[in-house]
J.: 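This is the structure I have questions about; it appears just below.
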Amino acid sequence: MTTMVDVARRAGVSVATVSHVLNETRPVRPSTRAAVLGAMDELGYTHNTLARSLVTSRTRSIGLAVSAISNPYFTEILQGVEAGALEAGYSLLIADPHDDPRHECKVVRLLHERRVDGMIVAPSAEPAEMVEYLGRRKVPTVFLDRLVGDGHDQVCAENTGPMRQLVEHLAGLGHTRIGLVAGLPGLSTTTERVEGYREGLRARGLPFVPALLAGGNSEAAGAQDATRQLLAAAEPPTAIITANNAMTIGALRALRELGREVPRDTALACFDDFSWAELFTPRLTAIAQPSKDLGAAAVRLLLERLEEPDRPPRTVRLPCAFVHRTSCGCAEPAPPTRPAAPQAAQERNRTP
């Protein structure tokens, strides 16, 4: 088995220098570092990360608690976190809290017991116990997608402005009764998107009608029921906005069950774009969140916290994009016209 002594002999340096290269405990000249790494490659040396963690008190690992299985939106965020962590030389320990406050506390505690250097957590609608646990133990943490209040490092997308944009777009198409299928109560994303909905109505001079706001609990089944509820009203909406991608699926199921065609009978727009939105007929008008960028930003913020434990907490917000398709009732854009062939080419292509 190759040892650090073997690497030191091959590189022509001391064992202490090899240790500094591996553990990053002291600056080493680039040429010396290159020699050590080259020797490691030649000899097939594998560093003992457990031993390294005992020396540095760092495990080079990050705990990630997101509902990646129960919420497809977080799958793309996971990709951004993973890419950012690997680029920085960190591994990930992943747990799914299932948006359940009790399970959330359990998985966060288990990740902490694995001695991760820090955590990235997408909090549930009732995160107080989990936040208190991490704060009491001074675990470096970044809260992702959903805010938990001032005094914490947090990364999320803009919510209010983009939702207002959807409402104003539908109102501009002549809709005066616009319904919203809102997310799980208690989530900051739900609160902000409802506020954006109300702002959009005010901006267009439309009244807020409580009967046009239904809760879908951020899940497909809940949104299916909420959509049925909206369309069963004495004066149903002519357009519906769903506040996340899972609820879009539920709304589409309800519309199909009720025999309502989109957008002829009911226009539809959604917060959260997803990879198969282009495949629906009509194609879904949506707000696209920068999912992978959110994950990468959370890793950067956590690494900054690890390097500067005493710096003030930061909240980072990333912009969303309005993806204009046809489920809102707008016409399909005309395909680009092909330029006419030059006269000479036309002459050559004529049948004699």
Side-chain angles (χ1 to χ4, degrees), residues 16-17 19-30 32-33 37 47 49-66 74 77-95 97 104-105 107-123 127-158 188 289-319:
T17 298
S19 176
H20 290 314
V21 170
L22 294 173
N23 298 312
E24 300 177 3
T25 48
R26 195 187 71 185
V28 177
R29 285 186 301 177
T32 303
R33 177 181 175 81
L37 295 177
H47 188 35
T49 55
L50 178 60
R52 178 175 184 259
S53 71
L54 294 174
V55 173
T56 64
S57 298
R58 291 276 187 92
T59 60
R60 303 289 290 187
S61 63
I62 294 171
L64 177 64
V66 297
F74 284 113
I77 285 184
L78 171 59
Q79 293 172 5
V81 172
E82 182 180 40
L86 290 176
E87 183 178 356
Y90 280 75
S91 60
L92 284 182
L93 295 179
I94 305 170
E104 172 182 71
C105 291
V107 300
V108 163
R109 188 163 53 248
L110 288 172
L111 288 171
H112 180 229
E113 290 171 357
R114 298 302 190 273
R115 299 185 66 229
V116 294
D117 293 340
M119 287 197 208
I120 297 173
V121 181
E129 184 179 348
M130 177 269 295
V131 173
E132 191 273 338
Y133 174 91
L134 293 171
R136 189 169 67 248
R137 289 160 179 77
K138 296 181 169 32
V139 180
T141 303
V142 173
F143 294 105
L144 176 63
D145 183 64
R146 303 146 177 184
L147 306 181
V148 296
D150 296 333
H152 304 279
D153 288 326
Q154 307 174 104
V155 174
C156 62
E158 295 287 353
S188 65
Q289 297 195 75
S291 308
K292 292 181 182 179
D293 291 341
L294 287 170
V299 173
R300 289 195 298 270
L301 200 56
L302 180 59
L303 295 180
E304 289 174 12
R305 171 62 59 193
L306 292 172
E307 291 302 314
E308 300 179 64
D310 298 323
R311 67 162 177 75
R314 293 171 53 199
T315 295
V316 175
R317 283 189 181 269
L318 300 184

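Start at 1 with the first residue, then count along the sequence.
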J.: Looking only at heavy atoms, which two atoms of Leu302 and Gly118 are closest? And how far apart?
T.: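 So the two residues come closest at CD2-C, 3.9 Å.
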J.: Yes or no on side chain to side chain contact (heavy atoms under 4.5 Å, CB included) for Arg305 and Val142, after CA distance, side-chain angles and deciding distance?
T.: CA-CA 9 Å; Arg305 171 62 59 193; Val142 173; 5.7 Å; no
J.: Please round to the nearest 0.5 Å and tell me the distance separating atom CD of Glu82 and atom CD1 of Ile77.
T.: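 If we round to the nearest 0.5 Å, Glu82:CD and Ile77:CD1 are 14.0 Å apart.
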J.: Could you pull out all residues at least two apart from Arg311 that satisfy side-chain hydrogen bond (donor to acceptor under 3.5 Å, both in side chains)?
T.: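 Partners of Arg311 under the side-chain hydrogen bond (donor to acceptor under 3.5 Å, both in side chains) test: Asp153.
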J.: For Ala95 and Leu111, which heavy atoms make the closest approach, and how far apart are they?
T.: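 In terms of heavy atoms, the two residues are closest at CB-CD1, 4.2 Å.
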J.: Would you say the side chain of Met119 lies within less than 4.5 Å of the side chain of Val108, judging by non-hydrogen atoms?
T.: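 Yes, at least one pair of side-chain atoms sits under 4.5 Å.
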J.: Thr315: which residues meet the side-chain hydrogen bond (donor to acceptor under 3.5 Å, both in side chains) condition with it, sequence neighbours left out?
T.: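 Checked Thr315 against side-chain hydrogen bond (donor to acceptor under 3.5 Å, both in side chains); matches are Gln154.
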J.: Just to verify, what does Glu129 make a side chain to side chain contact (heavy atoms under 4.5 Å, CB included) with, not counting sequence neighbours?
T.: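 Applying side chain to side chain contact (heavy atoms under 4.5 Å, CB included) to Glu129 gives Cys105.
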J.: Determine, stepwise, if the pair Leu93 / Ile62 fulfils side chain to side chain contact (heavy atoms under 4.5 Å, CB included).
T.: CA-CA 6 Å; Leu93 295 179; Ile62 294 171; over 6 Å; no
J.: Mind listing the closest non-hydrogen atom pair of Cys156 and Leu294 along with its distance?
T.: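 For Cys156 and Leu294, the tightest heavy-atom pair comes out as C-CD2, 3.5 Å.
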J.: Find out whether Gln289 and Asp145 are in side-chain contact, i.e. whether some heavy atom of one side chain is under 4.5 Å from a heavy atom of the other.
T.: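 Yes. Closest side-chain heavy atoms under 4.5 Å.
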J.: For Glu304, I'd like to know if atom CD has over 12 heavy atoms of other residues, nucleotides or ligands within 6.0 Å.
T.: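 Result for CD/Glu304: enclosed.
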J.: Can you tell me which residue among Val148, Leu147, Leu134 is in a side chain to side chain contact (heavy atoms under 4.5 Å, CB included) with Pro127?
T.: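 Considering Val148, Leu147, Leu134, a side chain to side chain contact (heavy atoms under 4.5 Å, CB included) with Pro127 is found only for Val148.
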J.: How long is the straight-line distance from OG1 of Thr141 back to OH of Tyr133, given to the nearest 0.5 Å?
T.: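 The OG1 atom of Thr141 is 10.5 Å from OH of Tyr133, to the nearest 0.5 Å.
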J.: Got a sec, which pairs hit salt bridge (Lys or Arg N to Asp or Glu O under 4.0 Å) with one end in residues 131-141, sequence neighbours left out?
T.: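 Listed by first then second residue: Glu132-Arg136.
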J.: Does the pair Leu301 and Arg314 meet the rule for a side chain to side chain contact (heavy atoms under 4.5 Å, CB included), with working shown?
T.: CA-CA 8 Å; Leu301 200 56; Arg314 293 171 53 199; 3.6 Å; yes
J.: Under the criterion side chain to side chain contact (heavy atoms under 4.5 Å, CB included), I'd like the reasoning laid out for Val81 against Leu92: C-alpha separation, chi angles, the key distance, then a yes or no.
T.: CA-CA 9 Å; Val81 172; Leu92 284 182; 3.9 Å; yes
J.: What residues, two or more places apart in sequence or in another chain, satisfy side-chain hydrogen bond (donor to acceptor under 3.5 Å, both in side chains) together with Arg114?
T.: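 Arg114: no side-chain hydrogen bond (donor to acceptor under 3.5 Å, both in side chains) contacts found.
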J.: Tell me every residue that passes side-chain hydrogen bond (donor to acceptor under 3.5 Å, both in side chains) with Thr17, counting only those two or more places apart in sequence or in another chain.
T.: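 Partners of Thr17 by the side-chain hydrogen bond (donor to acceptor under 3.5 Å, both in side chains) criterion, ordered by chain and then number, come out as Ser14.
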J.: Got Val121 and Val66 here, is their nearest side-chain heavy-atom distance under 4.5 Å?
T.: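 Side-chain contact under 4.5 Å: no.
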J.: Please examine the side chains of Val131 and Phe143, heavy atoms only from C-beta on, and report whether any two atoms are closer than 4.5 Å.
T.: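 Yes. Closest side-chain heavy atoms under 4.5 Å.
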J.: Testing the basics here: between Arg115 and Ser61, what is the closest heavy-atom pair and its distance to 0.1 Å?
T.: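 It is O-OG, 4.1 Å.
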J.: Over all heavy atoms of both residues, which pair between Pro123 and Met130 is shortest? Give the atoms and the distance, please.
T.: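 The pair with the smallest heavy-atom distance is CB-CE, 3.9 Å.
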J.: Hey, does Val299 have a side-chain heavy atom less than 4.5 Å from the side chain of Tyr90?
T.: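 When only atoms from C-beta onward are counted, Val299 and Tyr90 do not touch, as no gap falls below 4.5 Å.
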